[in-house]
Amino acid sequence: MPSSGLRRPRGTADRLPADAPAWEDVRQTFARECRLRNFQPISTPTFETTELFDKGTGSTTDIVQNEMYTFDDRGGDSVTLRPEGTPSVVRAYQQHGMHVLPQPVKLYYVLPVFRYDRPQAGRLREHHQIGAEALGDPSPAVDAEVIDLLWSTLQALGVTDLALHVNSLGDPESRPEYRAALVDFFTPHADKLCADCQMRLTQNPLRLVDCKKRTCARVSADAPRSLDYVGDAARRHFDTLRDLLGALDIPCTPDHRLVRGLDYYNRTVFEIVPPDSGAQGTVGGGGRYDYLAEALGGPHLPGVGFGSGIERILLNRRRVGLEEAPPPPPEVYVAPLADEALRVVTTVAADLRRAGIVTEAGYAAASPRSHLRRANAAGARVALIVGRREVEAGRISVKPLDGGDQVDVALDAVVPSTQAALAGPVTASDA
RNA sequence: GUGGGCGUAGCUCAAUUAGGUUAGAGCGUCUGGUUGUGGCCCAGAAGGCUGGGGGUUCAAGUCCCCUCGCUCACCCCA
């Protein structure tokens, strides 16, 4: 690493040309799965009014409390780089009156999200998510479709050994009862809990259940389970969802410790994790949030969605041994051997490109050896050679680089001759 | 926010036992080996204030301190 010069900010990543094919693959695969389910693309601003996340993501969450990139802009307004996609999409739904559209409104996005956190494997301060939200329909069939969208995308990308965990958090009516049960259960053991959990006991008892610290986990082993406190309607919702997932052949594991970190979830929550679920395990997760829209000051609007980290998807593709394709090479390299050839090289390259041929042009006169080495290194399949001889004769040499015969063609025959050379071995008769 | 590991060319790494002259190699890049022909091979060149600062010493890439960065884990999550 060079010590001098500017470096990228901590926790960010450069995406180099070699990375592009893998990213394109994720984008296109996801877009195709979305299209198949009639999800439409949406994109929202990279920064929003801070209030959106305070109210939407929830002020008790770790994200809002410690991880937001928040600053006052020059006009004195507090804005925040989005730490997740869902509140923005719900905001956009409200702002554009999407309630007049057929419901549910099904949207998807691919965008960067920002969280100020200490970087480590699979965790960046700026990362990218694919995500989808279905707004305006409370049916468990929508939950199933949203989960199916993520699941199918991951399958299509070749990550086939993941596990889907699901749970139900019930509804706001049943939440206080469950919360009270948790507090009742944990309070006698408060002295055995970690400092964070002592805090959670009063702040956010739900999160007591998923603390990974050994001592806390031991205490919570017999803790009340949310499913036992869920109301009848939520219970049926959960059962239907599980039945539909079964019908889709999506294996799911009920996980009573799964509560998710965001405040707004109700009923369905889910997470997709690798088999050896290590440190930064979660590839994607989401759930239902029927009361989020109201928290943002709008009318009641049921919704369900997910977010999934592209970097983590890619990590998992590598884990299962998938090779990424290299960036595609140019098809043709046009080599100027003399200064007089530059003009011809430039126009010929333009002609080829108009014909849809991926063309790299040499920018300065150099020896044929030098140019051909370059053409070979670039991976071109055909080299066009323009030297003094060609310029004077009004012709161009077409040289296949995979072993065909080099031919000499008139300027106005360059495009078809090149196409022929790209299609197969050139013979003298083609000239 | 709390801990651990690591910082030498663009990349991967060398630099003998407790410090010893102008810090090397492979890959990659460029040029040449052919006064107009690639791959393989050969030769040459460019490319480093050894992350930065301070200290110890006759002498520091090497030892000490500080700092910055990278990285892994905790935490949190995608």
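Computed over heavy atoms, backbone and side chain alike; hydrogens, waters and symmetry mates excluded. Per chain, numbering begins at 1; letters A, B, ... match sequence-line order.
Residues A:Arg37 and A:Glu145 are not paired through a salt bridge, judged by the lack of any N-O separation under 4.0 Å between the basic side chain and the carboxylate. Ion pairing between A:Arg288 and A:Asp290 holds under the 4.0 Å rule for side-chain N and carboxylate O.
Note on A:Ile313: nothing from the nucleic acid sits closer than 4.0 angstrom, heavy atoms only. Using a 4.0 Å heavy-atom distance criterion, A:Glu67 is classed as a sugar-phosphate-only contact.
One finds a side-chain N or O of A:Gln120 lying less than 4.0 angstrom from the OP1 or OP2 phosphate oxygen of B:A73.
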| task | List the protein contact pattern of nucleotides 27-42 of chain B with one symbol per nucleotide (5' to 3'): B for base contact, S for sugar-phosphate-only contact, - for none; contact means a heavy-atom distance under 4.0 Å. | result | ---SSBBB-BBBB-B-

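B:C11 atom P lies 13 Å from atom CG of A:Asp14, rounded to whole Å. Spacing between atom CZ of A:Arg125 and atom C1' of B:G1 amounts to 11 Å, rounded to whole angstrom units.
The gap from the P atom of B:C64 to that of B:A45 amounts to 37 Å, rounded to the nearest Å. Across B:U12 and B:U71, the matching P atoms stand 12 Å from one another, rounded to whole Å.
Two residues are said to be in side-chain contact when any heavy atoms from C-beta on lie closer than 4.5 Å; A:Gln129 and A:Ile310 fail this criterion.
Legend: residues meeting salt bridge (Lys or Arg N to Asp or Glu O under 4.0 Å) with A:Glu271, ordered by chain and number and at least two apart, are A:Arg260.
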Using a cutoff of under 3.5 Å, can you pull out all pairs of nitrogen or oxygen atoms linking the protein to nucleotides 2-6 of chain B, with atom names and distances?
residue, atom, partner, partner atom, Å
B:U2, O4, A:Arg118, NH1, 2.5
B:G3, O6, A:Arg118, NH2, 3.3

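Judged by distance alone with a 3.5 Å cut-off, no donor-acceptor contact links the side chain of A:Gln129 to the base of B:C77.
Taking the six-membered ring where the residue is Trp, A:His371 and A:Tyr333 present tilted rings, their angle falling between 30° and 60°. A:Tyr178 and A:Tyr229 have tilted rings, their planes meeting at an angle from 30° to 60° on a 0 to 90° scale.
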